[in-house]
Trainee: 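I have a structure here, written as C-alpha cells, and I will follow up with some questions on it.
Everything quoted here is computed from the prediction, not taken from an experiment. So that the names make sense, note that chain A is the first sequence line, chain B the second, and so on, each numbered from 1.
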Number of protein chains: 2
Amino acid sequence: MTRSKSDLDLHGRSESYFPEAPPDAVAYPETTEEVAQIVSVCARHGLPVIGWGTGTSLEGQAQASSGGIAVDFSRMNRVLEIAQEDMTVRVQPGVTREALNEELRATGLMFPVDPGANASIGGMAATRASGTTAVRYGTMRDNVLALEVVTAAGGILRTGTGARKSSSGYDLTGLFVGSEGTLGLMTELTLRLYGQPEAISAAVCGFETVEQAVQTVIDTIQCGLPMARIELMDTDSVRAVNAYARMDLPEKPHLLLEFHGSPGGVTEQAESFGALAADHGGSGFDWATRTEARTALWTMRHNAYYAILAARPGARAVVTDICVPISKLAQAIEETRADLQEAGVPGPILGHVGDGNFHAVLLVNESDPGELARAKAAAARMVERSLALGGTATGEHGIGVGKLDYMAREHGTGWAMMGAIKAALDPGGIMNPGKLVPPAG
Amino acid sequence: MTRSKSDLDLHGRSESYFPEAPPDAVAYPETTEEVAQIVSVCARHGLPVIGWGTGTSLEGQAQASSGGIAVDFSRMNRVLEIAQEDMTVRVQPGVTREALNEELRATGLMFPVDPGANASIGGMAATRASGTTAVRYGTMRDNVLALEVVTAAGGILRTGTGARKSSSGYDLTGLFVGSEGTLGLMTELTLRLYGQPEAISAAVCGFETVEQAVQTVIDTIQCGLPMARIELMDTDSVRAVNAYARMDLPEKPHLLLEFHGSPGGVTEQAESFGALAADHGGSGFDWATRTEARTALWTMRHNAYYAILAARPGARAVVTDICVPISKLAQAIEETRADLQEAGVPGPILGHVGDGNFHAVLLVNESDPGELARAKAAAARMVERSLALGGTATGEHGIGVGKLDYMAREHGTGWAMMGAIKAALDPGGIMNPGKLVPPAG
C-alpha cells in the first residue's frame, strides 16, 4: 500500500479528457487473499475500492471519483494454467493481452480479443471490451468462461466451471463481465482460446463512399464469409495515416480486412470478398499473405489514433464510440460527419464496421475551453443519434463517468434494475462508486 | 383464462419422470399488456406465475410446484420483424424454432439453435438451451440479443438494443436468459440470424473406442475446423438406431458430422476431418452432400431418443445431461458407462461432444419403483462425476426441480448470490417459485 504522490497521481489520471481524480492510497496485492483482505477492511470502513489494470480505459472507469483505495493488479499478472486440450487459459487479472499471447505463442493457441491498447485482461473483462477481431471471435462477453471474484463483502466467489457451456442457474460470469468493478473485483479469469490460424491474409480496398463500403460489409456477413477483421477508415483517417506512416492510400474511405483459415480457405475468402467489393465500386483491392505486408497494415490501423492526433499538433482527443444496427451504420456515420463539419470539430471516423461499431476521434485544442465544450456536445449528439437509430451509447468503451448521463435514456427501467442488483450485491456501495449505476437513493 | 381439468392436467405434466403438479389456472395472453396485467394481479395477491412454452423442458421447469397461474404463450407465437440487413429477427416467445425457420426460409437466413424438440423460442431462452449446432453457432446465451420482459411487479422492461454488441451497463439480457422464468416473463425476443450455408455436407465415422472418437473431436476443434455439428453415439445408441431406423451402422461408437460453408469449403473440411479421424483409427468415414442422405442421418439422430425408448418396450426415460471440460469427456463417458453397467441400468449415451456435453437416456420400467430409484441414483452420480471433473450439472437441460440439489455444490456462495438477485428483482417470490434459487427464507 502506498500513498506517494506519484502513485496517487498516476492512478487518478485517465487516457481521455476527464479531470484527475486520485485515490487516497494505492494497493498492489499479490494474491486473491490479499485482495479479499483489502476489500474486507474497506467494507468495514465504508471506503471506496477501485480496480486498476493498465489505465487505458477511455471513459474514466478507474478514476477514484470519491477517493478510496485503488487496487492495482500489476503484481497479479501471471498466466496460471494453459489447458491445451480444452483450449482455455486461467490468468490473473493484471496480465496484458500482449503478454498473454506471448506466453501462448508456442502452444499454437491465441487469445484474439484486441481492443488496440495493450490493456490488462481484467480491465478488458470489466469493460466488456472488444475491438478489431470481435466480428469473428466475439467480445469479452463471449470469451470469459469463468471467474474468481472478490465480492463487496470481501468474500471469494467462483463463477462458471471448466465446461464450455452450462444451463445451471443465473449467468453470474456474464453479470460481472462489463460491470466495471461495481459488483466486485475479478481476481482470476478463465478465457476461451482459439487455434492460431494456419494461414492469414490481409487486404485493403477503397470505396467512393462510406455507404458503398458498408454495403460491402453487409453483403460479406450475409454470405457467411468468416472475416477475422473488417475495419473502416473514413477519408480523414486515411489522410492522417498517409501523412503519419508515409502511406499513399487514395484519399477515400477504405476497408481493411483480415482473413483466417486454411491456405485454400483464405484464398477463397479473399476472392469472394474481392467480387463483393467490386459489385459496390470497390477499387484497388489488394491482398497479401506476406507477414510483413500484413504487419504494416495493422500497425497502420493500430497507430491510426496517433496518426489522427498528429494531424493536429498539440491537440488532445475526445474519443467516443457508438454501435448501431448495421443497417443504420452508413447513415450514422454520414450524419456524424456532417454534424462534425457543421460544428467545426475535426473528427476522423474509424471503426469495427462488421459489428456496426465506430469511433470518432474529436481533436481539441486544450487551451480553448470552447473547443472542448463543442467536442463534448458533438459526442453527446453522436450518442443521441445512436440511441435514436436503435443502437447503444457504447459498443466497447463502456460507461465509466463519461456516459452515465445516457443510461436512463438507453435502459429505461432497466437502469433502476441495475441499481437494484448493485444494492443487493454491494449494499455498502463501496465498489467503484459513481460509475455505471444510478446514484444510491 | 381457463380452469378446465384437461388444461390444468396438460400444464402439470412434464416430458420426464416428475410427478404431476398442475397450476390453479391457465392463461392464454395474446399481448404483452395482457401478460403485464396477469402478473400485476398475481403480484397483488402473491400468486405464483409460471411461463409455459411447449412443455418440452426436461427438468420440470414449467411445473406449478406451488400452484398458481400458468401463462401459456401459444397465442403469442408471431414472427414480428425480420431485419434482413441486420440479420436479426424479433419474435414472440411462443413461436417454435421450426415455425420460425419456416418463416425464414425464403430470406436466405436461419436460426440455427436446435435442441431437438420443437421447443418454443421463449422456453429455449429461459432454459439457455443449445443442442447439436452449438459447437458452431453457440447457445441461446450467444443468440439472444435483446428482450422485452414483464417484470415481477408487472412492469414492461426492454433489455439490449438493435446493436450487435454493447458495453453499456450490466448484461440484463444475459441475466434473463437461463433464469427459467424466476425473474420475469419474456414477451419478445430479438435473435441473431445466420445465412443459410451455401453448401452442406454430412458424414458418419465409426471408432473402436469412445476415447478415439473424442480425441478426434479435440483435434478437429484445435485445428479450427468450423464443424456445424459433431455428435457422438455410443455403441448402445448405435444398436438402438439400427433396430429402430433399419440402419446397419457397425456396432461401435460413431461420430455424426455436418459441415457448412462454400462448396469448396465443405469439401476441404470433410477431407481434413477424414484425415484426422484416420489418425485415430476412424473407419467407414463416409460423407455426403446429397440432401436426402443428410436428412436421413439427422432424422436418425433426432429420433435417437425414441429409438432408445423403443429398445426397451414399455420403458420410461430418465434423461439427464452433463457437460465437462472436453479433456475430461472420454473419462466422464467411460466412467458413466461402467457405472450404469454395474448398477444394471440400461442407459445409451449420446451427445454434443464438441461442447463436452452428453446425455444418458436411462430406461426405467415404471411399474418397478426400485428401477426408478436406481436410475435417479445413477443420474445423481453422473452429476457428481461432472462436478468432480470440473464440469457443470447441466449443459443444456437446466435446473428446474430436477437438479436443484446440486446448485449449492456447483456454485458455492454463488447460489446465495443468485438468491440475492432473485430477492432484489422478485421480492414477493411469485415468479416460478421452487425453481433454480435457494428457498426464500
Side-chain angles (χ1 to χ4, degrees), chain A residues 83 85-86 127-128 130 134 139 141-142 155 157-159 161-172 174-175 178-179 195 197 218 222-224 262 264-265 268 323-327 355-356 390-399 407 410-414 417-418 420-421 424-425 436, chain B residues 83 85-86 127-128 130 134 139 141-142 155 157-159 161-172 174-175 178-179 195 197 218 222-224 262 264-265 268 323-327 355-356 390-399 407 410-414 417-418 420-421 424-425 436:
Chain A
E85 292 199 320
D86 295 322
T127 312
R128 206 185 294 131
S130 45
T139 74
R141 175 185 195 273
D142 308 301
L157 167 75
R158 286 191 170 271
T159 72
T161 68
R164 191 142 282 230
K165 69 181 188 185
S166 171
S167 8
S168 172
Y170 302 158
D171 183 5
L172 296 180
L175 182 63
S179 66
I218 291 175
Q222 293 231 339
C223 285
S262 64
E268 191 181 63
C323 190
V324 296
I326 198 162
S327 61
D355 304 322
T392 175
T394 168
E396 57 182 19
H397 294 176
I399 299 301
M407 289 299 278
E410 176 167 342
H411 298 286
T413 54
M417 186 174 278
M418 293 180 202
I421 294 169
L425 304 194
L436 200 145
Chain B
E85 291 200 322
D86 295 322
T127 313
R128 207 186 293 130
S130 46
T139 72
R141 176 185 194 273
D142 308 300
L157 167 76
R158 285 191 169 273
T159 72
T161 68
R164 190 141 282 229
K165 69 181 188 185
S166 172
S167 4
S168 173
Y170 303 157
D171 182 6
L172 296 181
L175 182 62
S179 66
I218 291 176
Q222 293 229 341
C223 286
S262 63
E268 192 181 63
C323 190
V324 297
I326 196 162
S327 62
D355 304 321
T392 176
T394 167
E396 56 181 21
H397 293 175
I399 298 303
M407 290 297 280
E410 176 166 342
H411 298 286
T413 56
M417 185 174 279
M418 294 181 202
I421 293 169
L425 305 194
L436 198 144

Trainee: Looking at G390(A), A134(A), S166(A), which makes the most heavy-atom pairs under 4.5 Å with chain B?
Mentor: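 It is S166(A).
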Trainee: Do you know which of A393(B), G412(B), C323(B) has the most heavy-atom pairs with chain A at a distance under 4.5 angstrom?
Mentor: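 The answer is C323(B).
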Trainee: Can you tell me which portion of E268(A) sits under 4.5 Å from chain B's heavy atoms? Options are side chain, backbone, both or neither.
Mentor: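 Contact with chain B is through the side chain of E268(A) alone.
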Trainee: Enter the distance from L425(B):CG to Y170(A):OH here, rounded to the nearest 0.5 Å.
Mentor: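 With rounding to 0.5 Å, CG (L425(B)) is 7.5 Å from OH (Y170(A)).
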Trainee: Do you know which of G224(A), S179(A), G195(A) has the most heavy-atom pairs under 4.5 Å to chain B?
Mentor: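 Top option by heavy-atom pairs under 4.5 Å: S179(A).
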Trainee: If the test is side chain to side chain donor-acceptor pair (under 3.5 Å), which one of E396(B), H411(B), H397(B), R128(B) qualifies with S168(A)?
Mentor: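 When E396(B), H411(B), H397(B), R128(B) are each tested with S168(A), the side chain to side chain donor-acceptor pair (under 3.5 Å) holds only for H411(B).
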Trainee: With only heavy atoms counted, which part of T159(B) is less than 4.5 Å from chain A, the side chain, the backbone, both or neither?
Mentor: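 Contact with chain A: none, neither part.
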Trainee: Do you know which of T139(B), L172(B), V324(B), D142(B) has the most heavy-atom pairs with chain A at a distance under 4.5 angstrom?
Mentor: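 Looking at each of T139(B), L172(B), V324(B), D142(B) in turn, L172(B) comes out on top.
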Trainee: Where does L157(B) contact chain A at under 4.5 Å (heavy atoms): side chain, backbone, both or neither?
Mentor: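 Both parts, heavy atoms under 4.5 Å.
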Trainee: With a 4.5 angstrom heavy-atom cut-off, could you sort out which part of I326(B) is near chain A: side chain, backbone, both or neither?
Mentor: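 Both parts, backbone and side chain.
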Trainee: NZ of K165(A) to CG of D355(B): how many Å apart, nearest 0.5 Å?
Mentor: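 If we round to the nearest 0.5 Å, K165(A):NZ and D355(B):CG are 4.0 Å apart.
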Trainee: Out of S262(A), C223(A), G155(A), which one racks up the most heavy-atom pairs below 4.5 Å with chain B?
Mentor: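 The option with the most such pairs is S262(A).
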Trainee: Counting distance only, does the side-chain N/O of S167(B) pair as donor-acceptor with the main-chain N or O of G395(A) below 3.5 Å?
Mentor: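 Pair found, side chain donor or acceptor close to backbone of G395(A).
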Trainee: Got a donor-acceptor contact below 3.5 angstrom from the R164(A) side chain to the D86(A) backbone?
Mentor: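 Such a contact is found between R164(A) side chain and D86(A) backbone.
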Trainee: Chain B: which of G356(A), G398(A), P197(A) shares the most heavy-atom pairs with it under 4.5 Å?
Mentor: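 Of the candidates given, the most pairs with chain B belong to G398(A).
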Trainee: Out of G391(B), A420(B), P325(B), A424(B), which one racks up the most heavy-atom pairs below 4.5 Å with chain A?
Mentor: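 Winner by heavy-atom pair count: P325(B).
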Trainee: Need one label for M407(B): side chain, backbone, both or neither, based on atoms under 4.5 Å from any heavy atom in chain A.
Mentor: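 Just the side chain, heavy atoms under 4.5 Å.
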Trainee: Would you give the length of the straight line joining atom CG of L175(B) to atom CE of M418(A), rounded to the nearest 0.5 angstrom?
Mentor: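 The CG atom of L175(B) sits 10.5 Å away from the CE atom of M418(A).
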Trainee: So if I apply the side chain to side chain contact (heavy atoms under 4.5 Å, CB included) rule between E410(B) and each of T392(B), T394(B), I399(B), which one comes out positive?
Mentor: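 The passing option is T392(B).
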Trainee: Using heavy-atom distances under 4.5 Å, tell me whether A83(A) contacts chain B through its side chain, its backbone, both, or neither.
Mentor: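 Neither; nothing under 4.5 Å.
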